[in-house]
Amino acid sequence: MSSTGSILVKDQKRGRKVHPFERSESKVVEFVENLPNDEDELENQRLGRNELKRRANELLRVRKTFPVHQNKEEIMKYIRENQVAILIGETGSGKSTQIPQFVLDDLYASGTRGAIAVTQPRRVAAINLATRVAQEYGCNVGEQVGYSVRFDNATSSKTRLKYLTDGMLLRELMMHRDLKEYSVVVIDEAHERTVLTDLILGFLKSLIDGPRPDLKIIVMSATLQAEKFSSFFHNAPILFVEGRKFSVDQYYLGHACEDVVDSMVRCCCQINQGEQMGDILCFLPGQEEIDKAVAIMNKIAPCIADTTAVPLMVALPLYAALPPAQQALVFSPVKGFKRKIVFSTNIAETSVTISGVKFVIDSGLRKVKVWRHQLGLATLLTVPISRASAMQRTGRAGRESEGKCFRLYREADYNQLPQQTEPEIARSDVTSPVLMLKRYDIDDIVNWTWFENPGKEALVLALQQLYELQALDDAGKITSRGKQMALLPLPPQMSSVLIHAHEIKCLSPAIDIVACLSVDNFLLNPPPELRDEVNERRLALCSAGKKHGDLIMMKELFDFASQINTPRERLEWCKQLCVSHRAYKNIAKIKQQLTNYCKHLFKQEQDELTLDTNTNITRVIKCFLSGFAKNTAIRMPDRSYRTVLTGEPISIHPSSLLFLNTHCPAIMYTEYVFTAKGYARNVTRLELTWLQEIAGLGAVAKQTITSNE
DNA sequence: GAGCACTGC
C-alpha cells in the first residue's frame with residue numbers, strides 16, 4: 001500500500017475531518033444538462049407511417065415541457081426578422097432539437113426552398129440528435145431529417161434538416177462554395193470554439209456579406225461570449241433561453257492544494273462518509289494522475305468499508321486512450337451498498353455523460369497541447385482551467401437532481417481564473433486551415449474574416465510550410481498540387497506524402513501507413529509486466545520494422561491483421577501484440593476512403609506495388625521524407641540526436657520501436673512533442689545521403705549533415 | 001530509460 005493510502009485509512013479510522021472545505025459565498029450555480037437519450041429509441045429500423053406518427057405524438061407531450069417550446073413564438077419572431085440570431089441557452093433547454101424543427105416548419109409554411117444545416121463538434125452528437133429529431137418529427141432518419149458524418153451518411157433527396165459535424169460542413173464549403181443547398185445554417189455548441197467552428201463562422205460571415213445575402217444564420221451557444229458572436233455578425237440580436245436547472249452547491253478548499261491526487265482521494269472518502277448516496281465524478285488532468293488515484297482508491301476502499309459502516313467505493317478510470325470495454329464500465333450502475341467513483345479527464349466535461357453523478361470533485365487542472373510555430377513542436381502542459389470550464393464541470397453534479405461540487409482550490413484562486421478557455425485556434429498549427437482558405441481563393445490570409453485571428457506569425461509560418469510543400473506558388477496562389485492536398489482528408493504533410501507516393505509509384509503502401517498514422521493509439525502501451533514480452537513479439541513479427549522503425553512496423557502489423565480471416569482470431573492476435581482492434585478497424589475504413597479519393601484524384605486504378613523488397617521500403621520512406629523533411633534529426637558523436645532544422649536536442653520516444661536502437665545515422669519523425677524534454681514519435685531510420693537529397697533543406701542543415709558524416 | 005488532454009475530414 002502506498003504511503004498516501006495508509007495515512008488516509010488512519011485518518012478515516014480516527015474520524016478526523018481530513019478536508020477543510022468552506023461553504024462558498026458565491027451564488028448557487030445554475031447548471032446545464034444534455035437531452036435525455038432513450039437508448040431503446042436509437043434503433044435504426046424503418047417504421048411505417050402510422051407507427052412513426054403515433055410515436056411522434058407521444059414525444060410531443062415531452063417536447064412541450066421544454067422552455068424553448070413555451071417561448072416558441074418569440075424566438076421565431078427574432079429568427080424571422082433577423083438574418084443572424086445568437087441564441088444563448090443552457091443545454092437542458094432543448095434548443096438543439098427544437099429550434100431546428102421550428103425553423104423547418106417555417107420553411108415549409110413559407111414555401112422557402114433549401115435545407116437547414118445544424119453543425120455539431122462531434123460525430124455521436126450529430127447522429128444522436130438526428131435520430132431523436134427524426135422521431136419527434138415522425139420520420140425515419142435519412143428522410144426529412146438526416147445526418148452526415150465521416151464514414152456515415154444518412155441523408156436523401158428528401159432531407160430538409162441535416163445534422164452534420166463541422167468538419168463535414170467545411171468540406172461542403174470547399175466543394176460548393178456558396179452553400180446553395182441551404183437556406184439556414186445553425187452553428188451549435190459555438191462556445192466550444194473548436195478550430196473548425198471558428199473557421200465556419202468566418203466563412204459564413206464572408207458569405208452573408210457577399211454572395212449569400214439571403215442566408216440565415218443561427219449561432220447557438222451555452223452561456224457567455226454572446227457579445228463576441230453578436231459583434232462579429234454586425235451586432236446580431238442575442239436571445240437567452242432558460243434551461244432546466246437543478247442547483248449545485250459549491251465548496252472550496254480553505255488552503256492551497258499540495259498534492260492533487262492525494263486531496264482528491266481524501267475528498268472522496270469524506271463524501272463517502274458524510275454525504276448521502278450518489279456517485280462521484282472526479283476531474284484530473286491526465287492518465288498518470290487518474291491511474292494513480294484509481295490504484296490508491298481500490299486499495300484503501302475495502303479497508304474503509306470493513307472498518308466503518310460506509311458504502312464500498314468502486315474506483316474507475318475514464319480517458320480516451322482507454323480500451324472501449326474498460327470505458328464502458330463507467331456507465332453501468334454499481335449494485336449493492338457501493339458508491340461509484342469515476343476519475344476522468346476532460347472527456348467527461350463535454351463528450352461523455354455519466355448518469356447517477358451527484359458529486360463532482362474538480363482538480364481545476366487540465367492538459368493542453370500548445371503549438372510552437374517557430375519550432376514546429378507541440379508542448380503538452382498541465383494548466384488551470386477557465387471559469388467557464390469550472391462551471392461546466394460543476395454542472396455535471398446536477399443533471400438528475402441537486403448536487404454538490406467540491407473544488408480543490410480556493411475561492412480566491414477561482415476568481416483569478418480566466419473567464420474563458422483560450423480558443424483552440426490561438427494555440428494550434430494552422431497549416432491546414434490556411435490551405436483551406438487558399439483553396440477558397442482567399443489572397444489576403446491575414447485580413448480574412450477570422451472569428452479569431454491566429455496571429456501573423458502563425459499565418460506566415462503556415463504559408464511558408466505550404467510553399468515548401470509546393471501547395472503554393474511564388475505568388476502565394478494555390479497550385480494544382482495544393483488543390484489535391486486540400487481535397488484529401490489529411491493534414492497537408494500527409495497529403496503531400498501521398499501525392500509524392502503516386503508520382504514515384506508506391507501509393508498503396510503509403511496509403512496504408514498514412515491510414516495507420518491517422519488513428520490514435522494503434523499500438524497500445526503494454527502494461528509494465530508484459531512490456532518486454534510484447535516488444536519481443538512485435539520485433540519477431542516485424543522484420544522490416546525492426547530495421548526501419550515505427551512506420552514500417554505499423555504497415556507490417558496492419559498487413560498481418562488484415563490477413564487474419566475471422567474477427568475472433570484477429571481480436572486474439574491484437575491482444576497478443578497489444579494492438580488496438582478498434583484502431584485497426586478505423587484504419588481499414590480510412591484506407592478505403594483514402595484509396596477512393598486517390599483513384600478520383602489521380603484518375604487511375606490502384607497500383608500494385610507491395611512492400612516486398614528493400615528498394616520499395618526505401619522508396620516509401622522517401623515519400624514520407626518529402627512531407628516531413630523538417631522533422632528530421634541527426635545522430636551526434638555522443639549518440640544523442642539533434643534536429644536538422646534548429647539543432648535542438650531531441651530524443652526518441654520510449655514508445656518507439658527504435659528507442660533502444662542507437663545505430664540510426666539519422667531519423668525522421670511525424671511528431672515532435674515536448675513534455676519533460678523534446679521527443680520524436682513515430683520514428684523512422686534514415687541514411688544521411690537521403691537527407692542530402694532533399695531540395696528544401698537549408699544550407700546550414702546540409703552543412704551539419706556533411707560535417708557529421 | 002519515459003509515459004499525450006480532446007476532437008474532425
Side-chain angles (χ1 to χ4, degrees), chain A residues 119-126 148-153 164-175 189 192-200 283-292 318-322 344-352 363 365-370 378-383 385 389 421 424-425 427-428 432-433 435-436 439 485-492 494-495 514-515 518-521 524-528 531-532 535 586 589-590 593-594 596-597 639 651-656 658-662 671-682:
Chain A
T119 70
Q120 293 293 321
R122 284 168 291 278
R123 292 205 284 239
V124 270
S148 170
V149 302
R150 190 182 192 181
F151 304 129
D152 196 359
N153 186 338
L164 72 179
T165 48
D166 36 29
M168 268 300 184
L169 187 69
L170 271 172
R171 220 134 245 282
E172 293 189 3
L173 262 161
M174 293 299 112
M175 313 298 267
E189 313 283 11
E192 287 193 25
R193 302 292 312 276
T194 68
V195 172
L196 301 182
T197 3
D198 271 22
L199 286 174
I200 289 176
F283 288 100
L284 282 166
Q287 183 177 340
E288 191 187 343
E289 293 86 352
I290 289 167
D291 288 342
K292 199 170 145 196
L318 178 64
Y319 41 83
L322 216 55
S344 172
T345 59
N346 246 354
I347 192 170
E349 193 178 303
T350 46
S351 308
V352 150
S363 66
L365 299 170
R366 68 179 180 127
K367 284 207 172 177
V368 63
K369 209 172 195 173
V370 179
T379 49
L380 205 67
L381 308 166
T382 300
V383 299
I385 58 173
S389 177
T421 306
E424 200 187 356
I425 201 162
R427 51 182 166 82
S428 302
S432 203
L435 180 60
M436 255 182 227
R439 171 74 180 71
M485 285 167 56
L487 189 76
L488 288 164
L490 292 168
M494 290 291 179
S495 300
V514 167
S518 298
V519 301
D520 289 326
N521 310 311
L524 302 167
N525 282 343
R531 194 186 56 193
D532 293 340
N535 277 343
N586 281 332
K589 276 191 203 167
I590 294 170
Q593 190 186 36
L594 292 178
N596 289 341
Y597 269 111
R639 291 183 170 186
S651 309
I652 296 178
H653 194 275
S655 64
S656 170
L658 295 180
F659 178 60
L660 294 170
N661 186 332
T662 50
E671 232 186 323
Y672 178 19
V673 288
F674 194 94
T675 50
K677 51 180 176 173
Y679 284 106
R681 305 195 75 208
N682 300 324

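The model shown is predicted, which means the values in this text are computed figures rather than measured ones. Chain identifiers are assigned alphabetically (A, B, ...) following the order of the sequence lines, protein sequences preceding nucleic acid strands; residue numbering begins at 1 within each chain.
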Contact class for A:Tyr679 vs. all strands (heavy atom < 4.0 Å): base, sugar-phosphate, or nothing? sugar-phosphate
Just to verify, what does A:Ser432 make a side chain to side chain donor-acceptor pair (under 3.5 Å) with, not counting sequence neighbours? none
For A:Thr345, which contact category applies under a 4.0 Å heavy-atom criterion: base, sugar-phosphate, or nothing? sugar-phosphate
NA contact type, A:Gln593, heavy-atom cut-off 4.0 Å: base, sugar-phosphate, or nothing? nothing
Scan A:Asp520 against the nucleic acid and name what it touches under 4.0 Å (heavy atoms): base, sugar-phosphate only, or nothing. base
Any residue meeting side chain to side chain donor-acceptor pair (under 3.5 Å) with A:Lys589, in chain and number order, not counting sequence neighbours: none
Assign A:Arg150 to base, sugar-phosphate, or nothing according to its heavy-atom contacts below 4.0 angstrom with the strands shown. base
Would you please name every residue forming a side chain to side chain donor-acceptor pair (under 3.5 Å) with A:Glu192, sequence neighbours left out? A:Arg122
Taking any heavy-atom pair under 4.0 Å as a contact, classify A:Val195: base, sugar-phosphate, or nothing. nothing
Considering heavy-atom distances to DNA chain B, does A:Val124 or A:Val368 have its closest nucleotide positioned more toward the 5' end? A:Val368
With distance as the sole test, does A:Arg171 use its side chain to make a donor-acceptor pair with the main-chain N or O of A:Leu487 at under 3.5 Å? yes
Contacted region of DNA chain B by chain A, from 5' end to 3' end of the hits, cut-off under 4.0 Å to heavy atoms, spans B:dG1 to B:dC9
List the residues meeting side chain to side chain donor-acceptor pair (under 3.5 Å) with A:Arg439, not counting sequence neighbours, and say none if there are none. none
Quick check on DNA chain B: between A:Glu289 and A:Leu660, whose nearest nucleotide comes earlier from the 5' end? A:Leu660
Salt bridge (charged side-chain N to carboxylate O under 4.0 Å, His left out) with A:Arg366: which residues, sequence neighbours excluded? none
